[in-house]
Amino acid sequence: MPELRLNLITREWVIIQCERARKPEEFAQRRERKYQPERLDSCPFCPGNEQKTPGEFARIPSDGSWRIRVIPNKYAALLDEGELLRTNEGHRHLVAGVGRHEVIVESPVHNMSTALFEIEQLTDILKMYKSRLVEAYKDGRVEHVIIFKNHGPSSGTSILHPHSQLIGIPITPIGIRNRMDEAMRYFDNTGECLLCAILKEDLAEGRRVVHETERFAAVIPYAALSPFHTWIVPKWHTASLADCSDDDMKELAGVLKATMHKFYHALDDPDYNYMIFTRGPFRNRSEYGHWYISIIPRVAPAAGFELGSGIYINHAIPEDVAEYLRSVKVS
């Protein structure tokens with residue numbers, strides 16, 4: 001019989017198709033891939049084409065040949081110039097589209113993948129996320145920052161060169177506000193962080209754990225909204241990515257690489273999105289906020305029922321997916 005599971009973090013219901021569930025290995029996307037070179041003359045993110053992406057914010061190393069660059073998004077969702085103005089005319093509420101939209105070019109190698117990055121490179125990428133997060137929240141117009149990565153055509157990306165993005169927006173999105181409200185309500189009722197409590201149970205049970213180290217764990221949520229939906233969660237209570245030390249970043253890089261390596265081999269390098277849900281560096285004293293990374297391989301697109309109801313149908317049993325991923329060896 002199908003199960004309706006409730007995600008306590010987001011208050012989203014998910015239908016788990018227990019009897020009609022597909023085996024995890026059936027989600028591998030065996031498809032013909034177009035050859036991609038290490039450098040592409042037409043790619044604006046490849047070395048030698050820096051003039052196509054002016055206005056660089058930061059790079060690693062700071063001079064000479066770069067391994068990571070941060071640049072403005074040429075087609076920014078929000079503009080970094082202008083005042084934060086609000087207008088309310090009857091039922092028409094408007095906020096000026098000001099904020100930040102940055103691109104983190106993760107490697108000079110055009111055909112590189114997160115799963116194949118060296119730990120040192122991935123550590124530096126995470127450190128750059130932290131640095132740009134701190135910088136974005138210095139902008140008084142920015143209310144919320146999201147860091148995300150789109151990989152592959154079905155993820156929404158238009159450039160294959162490995163990159164991620166940061167957008168700082170002048171409002172708090174309803175999805176983020178709902179998470180905050182639920183976390184605050186749980187803390188008021190119990191005196192405990194909701195995600196800490198969930199992770200404690202997950203680690204004790206072990207059935208949905210994919211990979212863990214001393215300070216981080218990759219788990220399939222009990223109410224995973226789609227097959228292979230995975231969270232990477234700090235084991236200690238921390239509200240912001242900005243809390244992480246350099247040692248934390250290196251350990252997190254290892255967990256992220258191991259998780260993405262499992263996806264790469266189990267699902268044949270799937271398209272995916274990942275998002276970092278985090279509070280700002282100046283708001284990290286929260287007793288109820290807890291940051292995490294959400295990874296969604298694009299192996300099962302949403303259809304009319306999901307879009308119409310907000311309830312996702314998951315055709316894979318989370319416990320089976322976690323068991324399958326644990327069996328994928330990390331090299």
Side-chain angles (χ1 to χ4, degrees), residues 29 31-61 64-81 97 99-118 120-133 135-136 145-169 228 253 256-257 259-261 263-264 267-276 293-299 301-302:
Q29 299 181 333
R31 55 186 176 179
E32 185 176 349
R33 300 181 184 277
K34 183 179 178 181
Y35 168 76
Q36 293 293 328
E38 290 190 359
R39 184 186 181 280
L40 191 64
D41 288 340
S42 60
C43 174
F45 296 163
C46 280
N49 293 337
E50 288 83 0
Q51 73 281 359
K52 296 181 179 180
T53 54
E56 179 177 286
F57 295 121
R59 67 163 58 191
I60 296 176
S65 298
W66 57 270
R67 291 190 292 113
I68 301 170
R69 293 181 73 221
V70 183
I71 56 177
N73 191 305
K74 185 177 181 180
Y75 305 103
L78 300 168
L79 300 181
D80 63 358
E81 296 181 357
R100 306 174 73 94
H101 193 167
E102 303 177 359
V103 175
I104 299 97
V105 183
E106 300 173 338
S107 169
V109 182
H110 181 77
N111 59 3
M112 184 52 69
S113 167
T114 302
L116 305 179
F117 279 134
E118 296 292 337
E120 180 184 8
Q121 182 74 5
L122 199 48
T123 301
D124 283 343
I125 292 169
L126 293 169
K127 287 181 180 179
M128 185 62 83
Y129 288 169
K130 173 182 174 178
S131 173
R132 299 315 300 171
L133 178 78
E135 187 65 25
V145 172
I146 185 166
I147 299 170
F148 63 97
K149 178 168 182 171
N150 304 328
H151 172 79
S154 64
S155 73
T157 191
S158 57
I159 297 179
L160 296 181
H161 194 113
H163 69 283
S164 42
Q165 300 180 60
L166 176 152
I167 297 183
I169 54 181
F228 293 88
L256 180 58
K257 177 180 172 64
T259 305
M260 301 308 295
H261 175 95
F263 289 153
Y264 186 89
L267 299 173
D268 191 24
D269 188 18
D271 297 350
Y272 63 83
N273 304 94
Y274 71 59
M275 299 76 65
I276 302 178
I293 301 175
S294 176
I295 310 170
I296 303 178
R298 291 295 182 177
V299 294

Crowding at CD, E38 (>12 non-hydrogen neighbours, <6.0 Å) = no

CG on L116 to OG on S107, rounded to 0.5 Å = 10.5 Å

remark   = Sorted by chain and number, sequence neighbours left out, side-chain hydrogen bond (donor to acceptor under 3.5 Å, both in side chains) with D269 holds for H151

By ring pair (Phe, Tyr, Trp, His ring centres under 6.0 Å) - contacts of H101 (at least two apart) = none

task = Starting at OG of S42, measure out to NE2 of H110 and round the result to the nearest 0.5 Å.
result = 7.0 Å

inquiry  = Side chains of E102 and N73 only: does a donor on one sit below 3.5 Å from an acceptor on the other?
reply    = no

query = Looking only at side chains, do S164 and Y274 share a donor and an acceptor under 3.5 Å apart?
reply = no

inquiry  = Between L166 and V145, is there a side-chain heavy-atom distance shorter than 4.5 Å?
reply    = yes

task = Hey, could you give me each pair passing salt bridge (Lys or Arg N to Asp or Glu O under 4.0 Å) that has a residue in residues 70-80? Not counting sequence neighbours.
result = none

query = Which residues satisfy the side-chain hydrogen bond (donor to acceptor under 3.5 Å, both in side chains) test with R69, sequence neighbours excluded?
reply = T53, E56

query = Any idea which heavy atoms bring G152 and S155 closest together, and the distance?
reply = O-OG, 2.6 Å

ask   = Is I60 close to W66 at the side-chain level, that is, under 4.5 Å between some pair of heavy atoms?
value = no

message = For a quick test of reading the model, state the closest non-hydrogen atom pair linking P47 to R39 and the distance between them.
response = O-NE, 2.7 Å

key: N150 side chain to G156 backbone, donor-acceptor under 3.5 Å   = no

key: Result of checking V105, I68, I147 against M128 for side-chain contact (heavy atoms from CB on, under 4.5 Å)   = I68

request  = Under the side-chain contact (heavy atoms from CB on, under 4.5 Å) rule, what do Y129 and I276 come out as? Steps first, then yes or no, please.
outcome  = CA-CA 10 Å; Y129 288 169; I276 302 178; 3.6 Å; yes

ask   = How long is the span from the CD1 atom in I125 to the CZ atom in F117, to the nearest 0.5 Å?
value = 4.0 Å

inquiry  = So which atom in P72 and which in P54 form the shortest heavy-atom distance, rounded to 0.1 Å?
reply    = CD-O, 3.4 Å

Sub-4.5 Å side-chain heavy-atom contact between I295 and M260 = yes

message = Within the structure provided, determine whether R100 and R132 are in side-chain contact (heavy-atom separation under 4.5 Å).
response = yes

inquiry  = Is the shortest side-chain heavy-atom distance between Y75 and S158 below 4.5 Å?
reply    = no

ask   = Which heavy atom of A253 sits nearest a heavy atom of L122, and at what distance?
value = O-CD2, 3.3 Å

message = Restricting to side-chain hydrogen bond (donor to acceptor under 3.5 Å, both in side chains), what partner residues turn up for Y264, sequence neighbours left out?
response = none

query = Minimum heavy-atom separation for G168 to L78, with atom names?
reply = O-CD1, 3.4 Å

key: For K149, all residues meeting side-chain hydrogen bond (donor to acceptor under 3.5 Å, both in side chains), sequence neighbours excluded   = E106, T114

query = Can we say E50 and K52 salt-bridge, meaning some charged N sits less than 4.0 Å from an Asp/Glu carboxylate O?
reply = no

message = What's the separation between atom CD1 in I167 and atom CZ in F148, rounded to the nearest 0.5 Å?
response = 4.0 Å

query = Hey, does the side chain of N49 reach the backbone of D41 with a donor-acceptor pair shorter than 3.5 angstrom?
reply = yes

key: Heavy-atom side-chain proximity of R298 to N273 below 4.5 angstrom   = yes

note = In terms of heavy-atom contacts, I159 and C43 come closest through CG2-SG, 4.4 Å

note = Here the gap from Y272 atom OH to S154 atom OG, rounded to the nearest 0.5 Å, amounts to 12.0 Å

Point-to-point distance, once rounded to the nearest 0.5 Å, from NE2 of H161 to CZ of F45 = 7.5 Å

